[in-house]
Amino acid sequence: MRLTLLKSKLHLATVTRSDLHYHGSLTIDRNLMDAVGLVPYEAILVSNVATGLRAQTYVLPGRRGSRSIELNGAMARLGSVGDRVIVMAFAELETEELEGHQPRVVALDQQNQIVEQIDYPPIAQACEPGFSSVLEPR
């Protein structure tokens, strides 16, 4: 059996550009892609924090160091410059691969600088008896 699990997440990325007439996709700074293990053309789910709108598209690599998060084509309807979005990628794993799986997650500030690396525990630890939350309570 294959299960679909979170692989990568950019939390609270700020949209820096929106172009309805550009080819569809989401352009992401290569440094941000590397931080969470995204690869060019990988399928992603993008969620607008303010509106709750979600859409699936793919990653286009942006200029390294630009801190760009650009909504292109139909994705431009998802939000506007300045909106905060969550970018997620998923992986399909066989049950034998689950034990060591650990998503790569970073939180960003309003300038798309990494402010926190969020270390979710590996699946094996999250499945232990008595484990009640993936993240510590605030």
Side-chain angles (χ1 to χ4, degrees):
M1 176 185 347
R2 295 180 73 72
L3 298 173
T4 304
L5 297 155
L6 180 67
K7 172 191 156 277
S8 307
K9 180 172 144 183
L10 293 171
H11 188 68
L12 296 178
T14 302
V15 175
T16 58
R17 185 170 186 262
S18 181
D19 187 349
L20 184 61
H21 303 290
Y22 188 73
H23 307 291
S25 65
L26 185 77
T27 301
I28 302 175
D29 175 330
R30 285 301 300 253
N31 290 343
L32 297 176
M33 290 174 59
D34 292 348
V36 294
L38 290 170
V39 297
Y41 319 120
E42 183 170 3
I44 54 173
L45 179 64
V46 183
S47 179
N48 185 313
V49 174
T51 65
L53 292 173
R54 290 177 163 220
Q56 186 173 6
T57 190
Y58 60 94
V59 177
L60 276 182
R63 188 172 49 83
R64 198 172 284 285
S66 65
R67 293 189 246 139
S68 58
I69 300 288
E70 302 174 7
L71 300 171
N72 302 314
M75 286 299 294
R77 301 278 189 210
L78 185 75
S80 304
V81 171
D83 283 359
R84 304 297 293 272
V85 297
I86 298 171
V87 179
M88 296 163 278
F90 299 88
E92 289 190 14
L93 302 174
E94 295 291 342
T95 51
E96 306 82 49
E97 299 173 290
L98 295 179
E99 187 173 328
H101 177 71
Q102 192 171 8
R104 291 175 61 182
V105 180
V106 297
L108 305 173
D109 66 12
Q110 290 185 316
Q111 289 75 44
N112 290 331
Q113 294 183 57
I114 296 172
V115 294
E116 181 181 9
Q117 178 178 327
I118 302 170
D119 293 320
Y120 286 26
I123 294 268
Q125 182 181 345
C127 291
E128 289 177 3
F131 190 86
S132 62
S133 175
V134 172
L135 299 176
E136 291 295 319
R138 292 177 185 229

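Remember, it's a predicted structure, so these values are computed and weren't measured experimentally. Position 1 is the first residue of the sequence, and the numbers go up from there.
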S.K.: Can you name the side-chain contact (heavy atoms from CB on, under 4.5 Å) partners of Thr14, sequence neighbours left out?
M.R.: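 Once residues adjacent in sequence are excluded, the partners of Thr14 under the side-chain contact (heavy atoms from CB on, under 4.5 Å) criterion are Arg84, Gln110, Asn112.
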S.K.: Within this structure, what is the CD-CE distance for the pair Gln56 and Met88, rounded to the nearest 0.5 Å?
M.R.: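 Spacing of CD (Gln56) from CE (Met88) equals 10.5 Å.
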S.K.: Quick one: which residue pairs count as a salt bridge (Lys or Arg N to Asp or Glu O under 4.0 Å) with a foot in residues 48-68, not counting sequence neighbours?
M.R.: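 Output for this query lists Asp34-Arg64.
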S.K.: My understanding is that only residues two or more places apart in sequence, or in another chain, count here; which of them pass side chain to side chain donor-acceptor pair (under 3.5 Å) with Thr27?
M.R.: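 Result, side chain to side chain donor-acceptor pair (under 3.5 Å) vs Thr27: Asn72.
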S.K.: For Ser68, enumerate each residue passing the side chain to side chain donor-acceptor pair (under 3.5 Å) test, keeping only those at least two apart in sequence or located in another chain.
M.R.: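 Listed in chain order: Ser66.
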S.K.: Any chance you could pull the hydrophobic cluster mates of Val81, using side-chain heavy atoms under 4.5 angstrom and chaining through other members?
M.R.: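 So far as hydrophobic clustering goes, Val81 is joined with none.
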S.K.: Got a second to check how far Leu5's CG is from His101's NE2, nearest 0.5 Å?
M.R.: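 Rounded to the nearest 0.5 Å, the CG-NE2 separation comes to 5.0 Å.
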S.K.: Partners of Asn48 by side chain to side chain donor-acceptor pair (under 3.5 Å), sequence neighbours excluded?
M.R.: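 So Asn48 forms a side chain to side chain donor-acceptor pair (under 3.5 Å) with Asp83.
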S.K.: Kindly give the heavy-atom pair with the smallest separation between Gly65 and Asn31, and that separation in Å.
M.R.: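 Closest heavy-atom pair between Gly65 and Asn31: N-ND2, 3.3 Å.
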S.K.: Sorted by first residue and then second, give each salt bridge (Lys or Arg N to Asp or Glu O under 4.0 Å) pair with at least one member in residues 36-49; sequence neighbours left out.
M.R.: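 Salt bridge (Lys or Arg N to Asp or Glu O under 4.0 Å) check on residues 36-49 returns Lys7-Glu42.
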S.K.: Taking all non-hydrogen atoms of both residues, which atom of Tyr58 and which atom of Tyr41 are closest, and how far apart?
M.R.: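 Taking every non-hydrogen atom into account, CB-O, 3.7 Å.
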S.K.: Locate the shortest heavy-atom distance separating Ser18 from Gly79; write the atom from each residue and the value.
M.R.: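 Heavy atoms of Ser18 and Gly79 come nearest at OG-O, 3.7 Å.
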S.K.: Is there a path of hydrophobic side-chain contacts, each under 4.5 Å between heavy atoms of I, L, V, M, F, W or Y residues, that connects Leu45 with Ile118?
M.R.: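 Yes, it is one cluster - the side chains of Leu45 and Ile118 are joined through contacts under 4.5 Å.
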S.K.: I'd like to check the side-chain contact (heavy atoms from CB on, under 4.5 Å) partners of Val115; sequence neighbours left out, ordered by chain and number.
M.R.: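 If we apply the side-chain contact (heavy atoms from CB on, under 4.5 Å) test to Val115, skipping adjacent residues, the hits are Ala107, Asp109.
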S.K.: Please name the pair of heavy atoms, one in Arg30 and one in Pro40, separated by the smallest distance, quoted to 0.1 Å.
M.R.: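 Smallest interatomic distance, heavy atoms only, reads NH1-CG, 4.2 Å.
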S.K.: Which distance, rounded to the nearest 0.5 Å, do you find between the CG of Leu3 and the CD of Glu97?
M.R.: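 Here the rounded value is 10.0 Å.
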S.K.: Among Ile, Leu, Val, Met, Phe, Trp and Tyr joined by side-chain contacts under 4.5 Å, find the other residues sharing a cluster with Ile28 and list them by chain and number.
M.R.: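 Taking Ile, Leu, Val, Met, Phe, Trp and Tyr as members, Ile28 shares its hydrophobic cluster with Leu10, Val15, Leu26, Leu32, Met33, Val36, Leu38, Ile44, Val46, Leu53, Val59, Ile69, Leu71, Met75, Leu78, Val85, Val87, Val106, Leu108, Ile114.
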S.K.: Using the salt bridge (Lys or Arg N to Asp or Glu O under 4.0 Å) rule, collect all pairs that involve residues 8-29, keeping only residues at least two apart or in two chains.
M.R.: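 Residue pairs with at least one partner in residues 8-29: Arg17-Asp19, Arg17-Glu70.
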S.K.: Please check if Ile86 and Leu60 belong to a single hydrophobic cluster, counting links between Ile, Leu, Val, Met, Phe, Trp and Tyr side chain heavy atoms closer than 4.5 Å.
M.R.: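 Ile86 and Leu60: separate clusters.
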S.K.: Name all residues meeting the side chain to side chain donor-acceptor pair (under 3.5 Å) criterion together with Glu94; count only those two or more places apart in sequence or in a different chain, and write none if there are none.
M.R.: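 Arg2.
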